[in-house]
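Quick note: residue numbers are just sequence positions, from 1. Bear in mind that the values here come from a model prediction, so they are computed numbers and not experimental data.
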Amino acid sequence: MVIKRIDPDKAHDLLQSDQGFTYLDVRMPEEFVEGHVPDSRNIPVMIRGEGGVGLRMNPEFSEVVDQEFKADSKIILGCQKGGRSQKAADILSDKGYTNLHDMRGGFIGETDVLGNVTFPGWHSRGLPTTRQ
């Protein structure tokens, strides 16, 4: 299954359309509460490691997604900078999800080694955000 890679502007357009897209934010809850795409769902693909140190894959990710979405659901995946959403898209594609869109740049945007945004994400482009 080919995962469509889209930019935040296209993601916004799809979410505003009447096509039934849902934004699935795969960041950790503490990132999500700091700001996110309105009406998005939060299911983290990674969680804190033992004792809160480091990150590891969330062993319940695909199970929780399966409880909330059908395999043909129109899902736009996003994270902080774009890496975790790609991993989540791969996981869901392998499970048979057929209408996945990975949003390049995530919420903040892709950055270089110095932390400078090289490809603006959702928030960096001034698209609507919420904390609710």
Side-chain angles (χ1 to χ4, degrees):
M1 197 325 267
V2 175
I3 299 164
K4 297 172 187 85
R5 188 120 155 111
I6 59 175
D7 66 28
D9 293 318
K10 177 67 175 177
H12 180 262
D13 291 346
L14 290 173
L15 290 167
Q16 295 300 306
S17 75
D18 60 359
Q19 297 179 49
F21 280 88
T22 301
Y23 188 91
L24 176 56
D25 191 318
V26 299
R27 297 178 297 164
M28 292 181 291
E30 57 266 30
E31 294 172 302
F32 185 78
V33 299
E34 290 298 315
H36 53 269
V37 173
D39 300 317
S40 58
R41 304 280 306 126
N42 179 227
I43 304 173
V45 71
M46 311 238 1
I47 56 174
R48 294 269 175 223
E50 191 76 26
V53 178
L55 296 176
R56 64 181 177 93
M57 294 303 296
N58 178 358
E60 299 174 358
F61 174 72
S62 60
E63 179 183 322
V64 175
V65 172
D66 285 345
Q67 291 171 4
E68 298 195 26
F69 295 95
K70 294 179 181 177
D72 63 348
S73 296
K74 297 175 180 178
I75 301 172
I76 299 171
L77 295 135
C79 59
Q80 191 77 344
K81 297 180 181 182
R84 285 177 279 177
S85 63
Q86 286 181 315
K87 180 65 177 166
D90 290 340
I91 291 168
L92 296 178
S93 178
D94 288 347
K95 286 197 54 107
Y97 283 77
T98 58
N99 206 340
L100 302 172
H101 295 69
D102 179 36
M103 188 180 77
R104 181 177 175 201
F107 192 71
I108 301 298
E110 296 172 6
T111 58
D112 63 18
V113 295
L114 299 175
N116 299 309
V117 174
T118 57
F119 184 88
W122 183 277
H123 184 263
S124 303
R125 291 171 187 245
L127 295 169
T129 63
T130 187
R131 289 184 171 200
Q132 298 181 2

If hydrophobic clusters are built from ILVMFWY residues whose side chains come within less than 4.5 Å, do Leu127 and Ile6 share one?
yes

Using a 3.5 Å distance criterion without hydrogens, assess whether the side chain of Arg131 forms a donor-acceptor pair with backbone atoms of Glu34.
yes

Gap between atom CD1 of Ile76 and atom NZ of Lys10 - 0.5 Å precision
9.0 Å

For the CZ atom of Arg56 and the CE atom of Met46, what is their distance to the nearest 0.5 Å?
9.5 Å

Min side-chain heavy-atom separation Tyr97-Asp66 under 4.5 Å
yes

Can you name the closest pair of heavy atoms from Met103 and Pro8 and give their distance?
SD-CA, 3.7 Å

Are Phe119 and Val117 connected in the hydrophobic side-chain network, where two residues link if heavy atoms are under 4.5 Å apart?
no

How many angstroms lie between CZ in Arg84 and CG in Asn58, if you round to the nearest 0.5 Å?
12.0 Å

I want to check something: taking the side chain as every heavy atom from C-beta on, are Pro120 and Asp7 in contact at a cut-off of under 4.5 Å?
no

When rounded to the nearest 0.5 Å, the distance separating OG of Ser73 from CG of Asn99 is 8.5 Å

Val33, Phe107: one ILVMFWY side-chain cluster at the under-4.5 Å cut-off?
no

Quick one: NE2 on His36 to CD on Glu31, what's the gap to the nearest 0.5 Å?
13.0 Å

Examine distances only and state if a side-chain atom of Ser17 and a backbone atom of Leu14 form a donor-acceptor pair shorter than 3.5 Å.
yes

Check: Ser124 side chain, Ile108 main-chain N or O, donor-acceptor pair, under 3.5 Å
yes

Give the intermediate values and the outcome of side-chain contact (heavy atoms from CB on, under 4.5 Å) for residues Ile47 and Phe61.
CA-CA 10 Å; Ile47 56 174; Phe61 174 72; over 6 Å; no

Group every Ile, Leu, Val, Met, Phe, Trp and Tyr by side-chain heavy-atom contacts under 4.5 Å, then state whether Val37 and Leu77 land in the same group.
no

Under a 4.0 Å N-O cut-off, is there an ion pair linking Asp25 with Arg27?
yes

If Ile, Leu, Val, Met, Phe, Trp and Tyr residues are connected whenever their side-chain heavy atoms lie under 4.5 Å apart, and connections chain through other members, are Ile91 and Leu24 in the same group?
yes

Answer yes or no: does atom NE2 of His123 have more than 12 heavy-atom neighbours from other residues, nucleotides or ligands under 6.0 Å?
no

Do His12 and Pro128 have side chains that get closer than 4.5 Å, going by heavy atoms?
yes

May I ask you to test the Phe32-Pro44 pair for a side-chain heavy-atom distance under 4.5 Å?
no

Any Lys/Arg nitrogen of Asp102 or Arg5 sitting under 4.0 Å from an Asp/Glu carboxylate oxygen of the other?
yes

With a 3.5 Å distance limit and no angle check, can you tell me whether Lys87 reaches the backbone of Val45 through a side-chain donor-acceptor pair?
no

Return yes when atom CG of Asp9 has more than 12 non-hydrogen atoms of other residues, nucleotides or ligands closer than 6.0 Å, and no otherwise.
yes

Close side-chain approach of Asn42 to Met28, heavy-atom, < 4.5 Å
no

Return the CD1 to CG distance between Ile3 and Leu100, rounded to the nearest 0.5 Å.
6.0 Å

Which heavy atom of Gly82 sits nearest to which heavy atom of Cys79, and what is that distance?
N-SG, 3.1 Å

For Phe21, does the six-membered ring have the charged nitrogen or CZ of Arg41 within the cation-pi criterion, i.e. under 6.0 angstrom from the centroid and within 45° of the normal?
no

Say whether, by atom type as modelled, one donor and one acceptor occur between the side chain of Glu63 and the main chain of Glu60 under 3.5 angstrom.
no

Give the ring-plane orientation class for Tyr23 versus Trp122, where under 30° counts as parallel, over 60° as perpendicular and anything between as tilted.
tilted

I need the minimum non-hydrogen distance between Val26 and Ala88, along with the two atoms involved.
CG1-CB, 3.8 Å

